[in-house]
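Pasting a structure here, questions to come.
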Amino acid sequence: MWKAVPKIRIMDTTLRDGMHAMAHQFTPEQMARVAAALDEAGVDVIEVSHGDGLAGYSFQYGFAAATDEEYLRAVAPVLKRAKLAALVLPGIGTCKDMQMAVKAGVKVFRIATHVTEADISEEHMGLAKEMGAEVVGFLMMSHTVDKEKIAEQARLMESYGADVVYVVDSAGAMTPQEVKEKVSYVRSCLKIPVGFHAHNNLGLAIGNTLAAVEAGATVVDGTLRGLGAGAGNAPTEVLVAALKKVGCEVGVDLYKIMDAATVLEPMMRRPQVIDNASIMLGYAGVYSSFLLHTYRAAEKFGLDPRDILMELGRRKIVGGQEDYIIDVAYEMAQNKQVVAG
Ligand SMILES: CC[C@H](O)CC(=O)C(=O)O
Ligand SMILES: [Mn+2]
């Protein structure tokens, strides 16, 4: 039964998670145009970074078309209402990167760790608070553990000063029932608001986000046209329509957010679809941002990307192990040759 819910805050990550689908090649000028349209529509928070967060540009994660600072400085001046956010993965983004980001206009830091590793976020969260920023904890790959573990890690983030903690379905592997169970339990264990970040690999991004809201999440993520890793995220314009339809107050103008999606559309490299490999990401429970790496490895070694994804899922590889995909594919190709020979 749908309950009355308070105002839902939307954080749009087209210009961060969407970077994965763009091979990190948005130009600063494109980012500024998309951000201006999101701001005009009334989106609360706009996240801008390399897909893997500040300082993500590298051989391992992919080089971006511009530096973090160039992106942030292009977007900050066009925002009239929205807060500018940046993602930080401790171990990749450093305190120095965060200081640069604040000077460039960042007001919200989203500090992301694997769902079992919240303890590595303490220093970054402390610094973000010290600099006066809002802090969002982002527990990635939340499908891999039970609700008690997520709550334990969320409580750690709360103790480090997080203002919000997110349950993150990085692999788009969760079902609405699971989302409800996990979000409502985490919420019951925290004093701060709970957020939810979906991926659409099983076609459930909107349904899962609605389930999260029904279970008490009051902050949710979206990206225009669903642009993002794997099969993408919950499309912000669809999310606004769906949330309004179930009676939530979102503070975003539906027509204007649809217009923002049309600003983004010509910049996209391909429509965001659920292809077979994306379905496998969700089915195997593999990190959504591993897809491009998997395609490259499959091509290089003449393998079916679906087989690689199933194997990555079996090995439970986590964010940061992108280079290991090549090792796995190499091993699989060797085994195939042995069997064939
Ligand atoms: C590698 C960072 C990752 O893209 C963060 C995220 O959006 C997720 O885990 O879904
Ligand atoms: Mn994501």
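Keep in mind that this is a model prediction, so the values were computed, not measured. Both counts, for ligands and for their atoms, begin at 1 and track the order of listing.
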Taking side chain as C-beta onward, heavy atoms only, is Lys149 less than 4.5 Å from Val115? no
Is it true that, when you exclude Glu148 itself, more than 12 heavy atoms of the residues, nucleotides or ligands shown sit nearer than 6.0 Å to its CD? yes
What protein heavy atom is closest to atom 4 (O) of ligand 1, reported as residue, atom name and distance in Å? His20 NE2, 2.9 Å
Is a side-chain donor-acceptor pair under 3.5 Å present for Ser278 with Asp275? yes
Pairing of Asp146 and Lys182 as salt bridge, 4.0 angstrom limit: no
Nearby protein N/O/S atoms (those under 2.8 Å) for the Mn ion (ligand 2), with water ignored: Asp17 OD2, His197 NE2, His199 NE2
Any nitrogen or oxygen of His197, side chain or backbone, less than 3.5 Å from one on ligand 1? yes
Using only heavy-atom distances, determine whether the side chains of Asp12 and Thr236 contain a donor-acceptor pair under 3.5 Å. yes
For ligand 1, which atoms have a heavy atom of His199 less than 4.0 angstrom away? 10 (O)
What protein heavy atom sits nearest atom 9 (O) of ligand 1, and how far off is it? Ser170 OG, 2.7 Å
Per-atom filter on ligand 1: closer than 4.0 angstrom to a heavy atom of Val168 are 8 (C), 9 (O), 10 (O)
Numbering the atoms of ligand 1 from 1, which are under 4.0 Å from a heavy atom of Met140? 5 (C), 9 (O)
Taking the six-membered ring for Trp, are His124 and Phe109 ring centroids under 6.0 Å apart? no
Could an N or O of ligand 1 be found under 3.5 Å from any N or O of Ser289, whether backbone or side chain? no
Hey, is the main chain of Arg16 close enough, under 3.5 Å, to the side chain of Ser49 for a donor-acceptor pair? no
Phe138 and Tyr166 aromatic ring geometry - parallel, tilted or perpendicular at 30°/60° bounds: tilted
More than 12 foreign heavy atoms under 6.0 Å from CZ of Phe301: is that the case here? yes
Would you say Met19 and Val48 make side-chain contact, with heavy atoms under 4.5 Å? no
Taking atom types as modelled, is there a side-chain donor on Asp17 or His197 under 3.5 Å from an acceptor on the other? yes
Taking only non-hydrogen atoms of Gly51, do any sit less than 4.0 angstrom from ligand 1? yes
Say whether Arg16 and ligand 1 are in contact under the criterion: heavy-atom distance to a ligand atom below 4.0 Å. yes
the protein heavy atom lying closest to atom 1 (C) of ligand 1 turns out to be Asp52 OD1, 3.0 Å
